[in-house]
Amino acid sequence: MNYANAVEFVPFNKIQSQNKLLPYIQKYYEGENLGELYIALIKDKFGDEVVVSVQLHKFIMDLDTSVNLKLFFDEITPSTAALAYKWSEEMMVLHDINSLKRRRWHGSILLRQALVLCRLMNEYTLKRNQKFIEEYKDNLEILNYVNNNITNYVRPLIQTLEGEVAPDPTIPMDGLRSFYTYNNGLKDDRVSFEVY
């Protein structure tokens with residue numbers, strides 16, 4: 001295996017694990033509703049357990065904000081991937097990946113989990129769209145409008161995860177290009193992944 005496989009996110013309060021990072025994560029999110037925190041338990045390149053978290057409910061409730069995936073590998077500041085949802089353009093935008101430990105697949109894990117988040121958002125969007133259509137099933141004027149226009153009422157699904165290969169003072173551009181190429185996500189010098 002050349003990289004870590006993606007893992008589905010599950011609610012923090014449903015995790016049945018003895019992972020040593022969970023008490024630290026609970027303290028890290030102190031004051032937050034842990035029922036709205038979703039995590040994925042993954043092993044990195046060296047078999048060490050890491051935890052990727054996302055505050056899913058906050059993101060779903062305010063889709064105009066950005067969200068950070070956080071990768072905990074130790075009881076220090078986590079690595080992050082900053083994302084934003086552009087529903088009108090059918091994409092999730094990758095602003096930045098900040099992997100604090102290199103050569104351990106942490107950046108690759110964050111990329112793969114960003115794709116898992118896209119699929120999770122699509123599941124939410126489908127349910128939301130179906131609820132709206134059911135609610136207005138007898139109003140053909142509204143249904144025709146939302147079927148023929150991009151609206152916030154019935155949103156399109158996320159088709160891609162995209163971003164710029166942005167300069168970083170700690171990583172040369174060739175290194176960034178190599179990273180995204182290694183992860184099958186470099187197209188025309190841009191970050192681009194299809195969401196399945």
Side-chain angles (χ1 to χ4, degrees), residues 3-12 14 35-42 50-71 78-99 105-136 142-166 176-177 179-196:
Y3 50 81
N5 291 321
V7 174
E8 294 301 316
F9 285 103
V10 294
F12 181 86
K14 293 190 177 176
E36 297 171 358
L37 181 68
Y38 279 64
I39 65 172
L41 304 172
I42 305 168
V50 298
V51 179
V52 178
S53 69
V54 62
Q55 290 180 290
L56 186 63
H57 185 73
K58 280 186 174 182
F59 190 44
I60 286 174
M61 298 316 317
D62 188 2
L63 295 174
D64 294 326
T65 64
S66 61
V67 66
N68 286 324
L69 291 180
K70 297 185 181 196
L71 184 144
S79 296
T80 58
L83 304 162
Y85 178 37
K86 288 192 174 183
W87 58 267
S88 61
E89 296 177 38
E90 302 178 1
M91 75 168 71
M92 186 77 78
V93 177
L94 175 66
H95 290 298
D96 187 31
I97 290 182
N98 181 14
S99 181
W105 296 343
H106 292 184
S108 297
I109 290 169
L110 285 166
L111 275 177
R112 280 168 182 68
Q113 291 308 119
L115 290 167
V116 171
L117 177 62
C118 290
R119 290 192 295 273
L120 194 58
M121 290 296 295
N122 281 347
E123 288 174 21
Y124 166 78
T125 299
L126 280 172
K127 288 177 187 172
R128 183 183 183 279
N129 290 352
Q130 289 168 349
K131 182 178 177 185
F132 180 88
I133 290 168
E134 181 62 29
E135 186 176 331
Y136 290 96
I142 289 176
L143 291 180
N144 283 335
Y145 179 80
V146 297
N147 283 330
N148 295 312
N149 297 283
I150 294 177
T151 70
N152 192 27
Y153 301 108
V154 176
R155 293 187 185 122
L157 299 180
I158 299 168
Q159 302 296 320
T160 59
L161 171 66
E162 298 195 24
E164 299 290 328
V165 180
L176 288 170
R177 286 187 190 99
F179 169 75
Y180 289 113
T181 299
Y182 176 79
N183 285 286
N184 299 316
L186 189 66
K187 293 183 180 89
D188 299 324
D189 219 25
R190 287 187 46 79
V191 178
S192 182
F193 294 90
E194 288 185 32
V195 176
Y196 299 103

>> Quick check: do Val116 and Tyr38 have side-chain heavy atoms less than 4.5 Å from each other?
In response: no
> CD/Glu90 to SG/Cys118 distance, rounded to the nearest 0.5 angstrom?
Replying inline: 12.5 Å
> How far apart are the closest heavy atoms of Leu115 and Phe193, and which atoms are they?
Replying inline: CD2-CB, 3.7 Å
> Taking only residues two or more places apart in sequence, or in another chain, which ones meet Glu164 in a salt bridge (charged side-chain N to carboxylate O under 4.0 Å, His left out)?
Replying inline: Arg190
>> Could you measure the distance from the CG atom of Asp189 to the OG1 atom of Thr181? Nearest 0.5 Å is fine.
In response: 8.5 Å
> What's the verdict on side-chain contact (heavy atoms from CB on, under 4.5 Å) for Val7 and Val52, showing C-alpha distance, side-chain angles and the deciding distance?
Replying inline: CA-CA 10 Å; Val7 174; Val52 178; over 6 Å; no
> Thr80 and Asn68: side-chain donor and acceptor closer than 3.5 Å?
Replying inline: no
> What are the two closest heavy atoms between Glu8 and Ala40, and how far apart are they?
Replying inline: O-CB, 3.9 Å
> Taking atom CZ of Arg155 and atom CE of Met121, what is their separation to the nearest 0.5 Å?
Replying inline: 7.5 Å
>> So which atom in Ser99 and which in His106 form the shortest heavy-atom distance, rounded to 0.1 Å?
In response: OG-CB, 3.4 Å
> Between Val165 and Leu186, what is the shortest heavy-atom contact and its length?
Replying inline: CG2-CD1, 3.6 Å
> Which residues satisfy the side chain to side chain contact (heavy atoms under 4.5 Å, CB included) test with Asp96, sequence neighbours excluded?
Replying inline: Asn98
>> Once rounded to the nearest 0.5 Å, what's the spacing between atom OG1 of Thr160 and atom CE of Met91?
In response: 5.0 Å
> Excluding sequence neighbours, so at least two apart, what forms ring pair (Phe, Tyr, Trp, His ring centres under 6.0 Å) with Tyr136?
Replying inline: Phe132
> With sequence neighbours excluded, what pairs up with Arg119 under the salt bridge (charged side-chain N to carboxylate O under 4.0 Å, His left out) test?
Replying inline: none
> If you look at every heavy atom in Pro156 and Thr125, which pair is closest and at what distance?
Replying inline: O-CG2, 4.0 Å
>> Once salt bridge (charged side-chain N to carboxylate O under 4.0 Å, His left out) is applied, do any residues pair with Glu134, and if so which ones, sequence neighbours excluded?
In response: Lys137
> Just wondering, do Leu117 and Val67 contact through their side chains at under 4.5 Å, heavy atoms?
Replying inline: yes
> Do the non-hydrogen side-chain atoms of Tyr124 and Leu56 ever get within less than 4.5 Å of each other?
Replying inline: no
>> Would you say that Val195 contacts Gln159 through its side chain, given a criterion of any heavy-atom pair below 4.5 Å between the two side chains?
In response: no
>> Does any part of the side chain of Phe179, heavy atoms only, come nearer than 4.5 Å to the side chain of Ile97, both counted from C-beta?
In response: yes
> Does the pair Asn5 and Arg112 meet the rule for a side-chain contact (heavy atoms from CB on, under 4.5 Å), with working shown?
Replying inline: CA-CA 7 Å; Asn5 291 321; Arg112 280 168 182 68; 5.9 Å; no
> Say you draw a straight line from CG of Leu69 to CG of Leu110; how long is it, rounded to the nearest 0.5 Å?
Replying inline: 6.0 Å
> In chain order, what residues pass the ring pair (Phe, Tyr, Trp, His ring centres under 6.0 Å) check against Tyr180, with sequence neighbours excluded?
Replying inline: none
> Ignoring hydrogens and geometry, is there a side-chain-to-backbone donor-acceptor pair from Lys70 to Pro78 under 3.5 Å?
Replying inline: no
> Taking all atoms of both residues into account, what is the closest heavy-atom pair of Ala6 and Gln113, and its distance?
Replying inline: CA-OE1, 3.4 Å
>> Could you measure the distance from the CG atom of Leu37 to the CD atom of Gln55? Nearest 0.5 Å is fine.
In response: 6.0 Å
> Is the shortest heavy-atom distance from the side chain of Ile133 to the side chain of Leu143 under 4.5 Å?
Replying inline: yes
